[in-house]
**Student:** 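Before anything else, here's the structure in question.
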Number of protein chains: 2
Amino acid sequence: MVTLREVAQAAGVSPSTASAALRGMDIVKPQTRKKVTQAAERLHYRANLPARALRSGRSGIFTLIVPDLENAFYARLANSLATELDNRDLRLIIQVSQFNKDKELSQVSELTSSMCDGLFICSTHNSGREIGRVSHGLPVLLFDDMSTQENTCFDSIETPSREGIGAAIRHLYDCGRRRIGIVGGFPPSNRTPPTLGVTLRENRYKQALATLDQLGLDSGQALVPSDWTTREGRLTAHHLVEDGLGFDALCCMNDSLALGILRGLAECGIQVPGQVAVTGFDGIAPGGYITPTLTTVAVDFTSMAVMAVSMMEDQLGGRGRQSRPMPRRIIVGYRLLKRESTVGRSAAGPDII
Amino acid sequence: MVTLREVAQAAGVSPSTASAALRGMDIVKPQTRKKVTQAAERLHYRANLPARALRSGRSGIFTLIVPDLENAFYARLANSLATELDNRDLRLIIQVSQFNKDKELSQVSELTSSMCDGLFICSTHNSGREIGRVSHGLPVLLFDDMSTQENTCFDSIETPSREGIGAAIRHLYDCGRRRIGIVGGFPPSNRTPPTLGVTLRENRYKQALATLDQLGLDSGQALVPSDWTTREGRLTAHHLVEDGLGFDALCCMNDSLALGILRGLAECGIQVPGQVAVTGFDGIAPGGYITPTLTTVAVDFTSMAVMAVSMMEDQLGGRGRQSRPMPRRIIVGYRLLKRESTVGRSAAGPDII
DNA sequence: CTGAAAGCGCTTACAG
DNA sequence: CTGAAAGCGCTTACAG
């Protein structure tokens with residue numbers, strides 16, 4: 001293994017200078033830097049990261065905690081985040097919390113700040129406050145913070161729940177639908193314990209009801225309880241059909257759920273969008289190739305990742321300066337993808353992932 | 001931050017002893033160990049990982065390189081691997097190579113052995129040999145090694161291409177199909193550069209042809225070139241239909257491709273399995289909830305991850321002992337999931353992820 | 001079984 | 001702008 005000392009020797013400078021040169025500090029004379037970088041290249045020098053991390057307190061490694069990588073939403077987010085960090089020469093450790101509240105907390109509390117410079121987390125059951133209790137001052141960025149919005153204590157990036165759900169429902173209205181069910185609203189079904197905490201579910205649901213009200217539609221009978229999973233969505237569809245399916249549209253609170261609804265409706269022989277139109281939320285890949293393709297609120301994952309990394313770097317830069325700046329909440333953009341599950345085959349153009 | 005020195009002081013022992021006690025070395029007297037662990041707990045001690053890694057040469061962090069986490073196959077594998085490592089208190093950095101040969105190599109060569117104890121890689125374009133040239137002695141485990149099988153130079157874990165494809169085709173035969181197309185066989189289509197290297201595609205294709213021959217079916221006209229992606233699968237289906245669809249079954253070389261085939265056939269109004277039966281390979285989640293559900297060779301991802309970690313630990317343990325043990329190749333198990341795309345609604349029971 | 005000493009490879013003040 | 005010295009927090013021989 002080649003060490004910095006050897007590079008310095010080969011370049012005829014001290015280790016301190018070599019170190020500064022390789023890190024691109026601008027106090028180093030251009031000519032000196034060149035000597036050093038050439039020596040480093042010639043010797044195939046690679047910095048020893050643990051040594052650097054020990055001395056500097058920065059490892060260049062971040063952690064993302066997600067409940068399940070097999071879930072396309074989290075996989076897409078992880079993909080974008082890993083790629084964005086990679087662009088900046090940073091690395092991402094991914095941990096899977098399996099929708100388990102205690103596991104989330106223990107994973108957070110076992111992150112030593114020395115190995116990991118910051119935490120990105122999609123918490124399913126813990127508020128920012130609860131996470132803050134075990135994060136020991138580590139920089140944290142939340143995706144869809146489960147706190148009530150008034151007292152969030154970390155920076156967060158949120159999916160456009162309000163705008164997106166509103167757009168989906170107005171689209172259903174424009175398609176002529178008047179009996180719109182809100183699938184996966186709050187409170188949850190009592191079939192299984194919900195995989196997600198209250199806040200996000202409540203947020204989207206409230207907005208859905210408000211939009212129905214604005215449009216002069218009945219919101220009193222709109223709630224269709226369901227957990228936000230494909231498995232539950234399928235069961236929910238069966239229950240709906242058994243109960244007579246009093247809806248001509250189903251606005252699902254996320255895509256996983258919507259995919260299960262579509263499957264369940266197909267099993268029951270219900271035509272989509274003929275008898276019922278269906279919308280989702282997230283914009284995960286399968287919605288683009290199942291039949292019928294799924295109309296959905298597609299979240300801008302790329303800018304989600306870009307903003308996340310940039311907010312994290314702000315936290316790192318400003319650490320210890322003042323007391324603590326106000327936590328920021330940023331809402332990402334979206335596009336309403338109008339596909340077959342609302343407008344049918346003829347109107348929806350070819351559209352695939 | 002609490003250091004080992006403080007724990008040692010609180011427990012009334014030396015740092016060396018405290019270190020040994022906390023790492024569970026059995027040379028430490030039980031009574032001493034107890035004093036130390038209690039002190040560590042009381043002070044909320046967390047070992048500084050970079051310091052440990054610097055001294056010991058082990059970080060407890062591994063890296064997985066996959067081409068795309070949004071692809072359900074790689075997401076599923078990453079999920080299993082991260083979870084299995086987590087069980088052993090190890091961590092996983094995930095890097096995304098975007099199906100790019102050069103990016104794969106540069107990511108490998110930039111792994112400093114000091115920060116990462118070993119590499120798991122799903123290489124799409126590089127053989128084990130090519131990876132070996134830039135891995136600088138780092139332990140490596142390949143998933144579906146792209147080398148020709150004779151001269152692999154790392155341990156590898158392989159999907160059950162031969163057995164699985166054989167089972168899928170025999171199943172199609174049992175369903176009465178006699179004109180079976182092999183979709184995604186080698187050589188590739190010339191529409192786009194293939195996302196995957198030759199070896200895996202060739203492996204599965206050869207086995208498909210061999211099975212057709214065994215069954216006395218025509219293998220000469222069986223090849224349907226297509227890249228192994230959903231997008232390409234859809235286009236391939238359109239081409240097939242335009243050309244008159246001379247098949248009553250399509251055996252797809254992986255699920256992503258099969259999902260695209262199903263979508264394309266649906267767009268063309270072709271009944272599955274009525275006019276054509278379709279099979280996939282991998283067992284990713286969407287195949288369980290699309291309509292029709294996809295008959296597929298479901299790989300045992302969990303044991304894939306368990307074996308991967310255990311083989312990696314063998315490499316770590318045996319490093320530097322003898323010259324180099326023979327690289328091992330292990331083939332994981334599978335189950336043939338018989339679903340609607342071959343047996344239709346009536347025969348396939350309810351089956352969802 | 002335990003402790004004192006050395007040192008892993010860097011970066012960080014600080015002196016010049 | 002550069003270099004000599006110190007030290008980040010551990011673990012590893014080694015002596016007892």
**Student:** Of the candidate nucleotides D:dT11, D:dA4, C:dT11, which contains the atom at the shortest distance from the side chain of A:S14?
**Tutor:**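 The nucleotide sitting nearest to the side chain is D:dA4.
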**Student:** Could you check A:M25 against B:T17 and say which one's nearest nucleotide on DNA chain C is further toward the 5' end?
**Tutor:** B:T17
**Student:** Report the distance from atom CG of B:L54 to atom P of D:dT11, rounded to the nearest whole Å.
**Tutor:** 11 Å
**Student:** So, do B:E158 and B:S156 sit near enough that their side-chain heavy atoms are less than 4.5 Å apart?
**Tutor:**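 Yes, at least one pair of side-chain atoms sits under 4.5 Å.
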**Student:** Heavy atoms from C-beta onward define the side chain here; which of C:dT11, C:dC10, C:dA5 lies closest to that of B:S16?
**Tutor:**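 So the side chain of B:S16 is nearest to C:dA5.
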**Student:** Want to settle it: does B:K29 or B:A51 sit nearer the 5' end of DNA chain C, counting the closest nucleotide to each?
**Tutor:** B:K29
**Student:** Look at B:R329 together with B:D155 and state whether they make a salt bridge at an N to O cut-off of under 4.0 Å.
**Tutor:**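 Answer for the salt bridge query: no.
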**Student:** Reckon B:T3 touches a base, only the sugar-phosphate, or nothing at all at heavy-atom distances under 4.0 Å?
**Tutor:**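 Touches sugar-phosphate only.
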**Student:** Please name the pair of heavy atoms, one in B:E130 and one in B:K101, separated by the smallest distance, quoted to 0.1 Å.
**Tutor:**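 Closest pair (atom of B:E130, atom of B:K101, distance): OE2-NZ, 2.8 Å.
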**Student:** Starting the side chain at C-beta, find the nucleotide from C:dT2, C:dG9, D:dG3 nearest to A:V13.
**Tutor:**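 Out of C:dT2, C:dG9, D:dG3, the nucleotide with an atom closest to A:V13's side chain is D:dG3.
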**Student:** Nearest to the B:N48 side chain among D:dC10, D:dT11, D:dA6, which nucleotide is it?
**Tutor:** D:dC10
**Student:** How is A:T32 classified with respect to the nucleic acid when contacts are heavy atoms under 4.0 Å: base, sugar-phosphate, or nothing?
**Tutor:**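 Here A:T32 touches the backbone only, sparing every base.
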**Student:** Does any part of the side chain of B:L92, heavy atoms only, come nearer than 4.5 Å to the side chain of A:I94, both counted from C-beta?
**Tutor:**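 No, too far: nothing below the 4.5 Å cut-off.
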